[in-house]
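The structure appears below as structure tokens.
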Amino acid sequence: KNQVEQSPQSLIILEGKNCTLQCNYTVSPFSNLRWYKQDTGRGPVSLTIMTFSENTKSNGRYTATLDADTKQSSLHITASQLSDSASYICVVSPEGRNNNDMRFGAGTRLTVKP
Amino acid sequence: SQTIHQWPATLVQPVGSPLSLECTVEGTSNPNLYWYRQAAGRGLQLLFYSVGIGQISSEVPQNLSASRPQDRQFILSSKKLLLSDSGFYLCAWSASLYGYTFGSGTRLTVV
């Protein structure tokens, strides 16, 4: 069973609307949680990274939250733009391990329509 | 600043042919280097990682191999491609537990 589950698998919203993507994980203890944006046919690009002690991290219109008690994270996108259409991937790193042990979610495919 | 280059962007190869994908990093020294494969609707799967020249760790038994002939060069190879080797391959590098950067990816189609 994947240790990082993302929902929904896909999402379609209208331009200008807000949306929230979810990430539930079972990795414990964990060191940090990252959100990546991946455009079709491109490599993932880092949006946010949070350690276990951080609750929220913003990057422009992207805001990530983390609840280490419930092992949940969310990525909130405000005032969506057509360029936000992409896959968003949640990645959790176990505590004390190297980057080679990161656990990847399958991603949420977001489509923003005009 | 650090940059990562991965090529080619797309590749169509016949079954049984060899493969060589190259990844290079600029602006840093002694990075950790990684090869991932991404299947549609699935999370990234770590194939190989390297912590130094000539040091390769394989995560998944497969038809592929990796080499690191230079500090900032990472190569993914196969002697004979299989249809199941088709996929999206990503190179990545890191120099710390928090910094992790992906290349632009290679779409490999084996026909």
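Order of the sequence lines fixes the chain letters, A, B, ..., with proteins taken first and strands second; residue numbering starts at 1 for each chain.
Judged as a side chain to side chain contact (heavy atoms under 4.5 Å, CB included), and not counting sequence neighbours, the contacts of B/T109 are B/V12, B/R107, B/V111. When the side chain to side chain contact (heavy atoms under 4.5 Å, CB included) test is applied to A/T70, the partners found at least two apart in sequence or on another chain are A/D67, A/Q72.
Ring pair B/Y36/A/F104: centre-to-centre distance below 6.0 Å.
Among B/T10, B/L44, B/I4, the residue making the largest number of heavy-atom pairs under 4.5 Å with chain A is B/L44. Counting heavy-atom pairs closer than 4.5 Å to chain B, the top residue among A/S87, A/G41, A/C90 is A/G41.
Under the 3.5 Å distance criterion, the side-chain polar atoms of A/K37 are left unmatched by any main-chain donor or acceptor of A/V45.
For chain A, the nearby part of B/Q38 is the side chain; its heavy atoms alone come within less than 4.5 Å. Using a 4.5 Å cut-off between heavy atoms, A/Q38 contacts chain B through its side chain alone, with no backbone atom that close.
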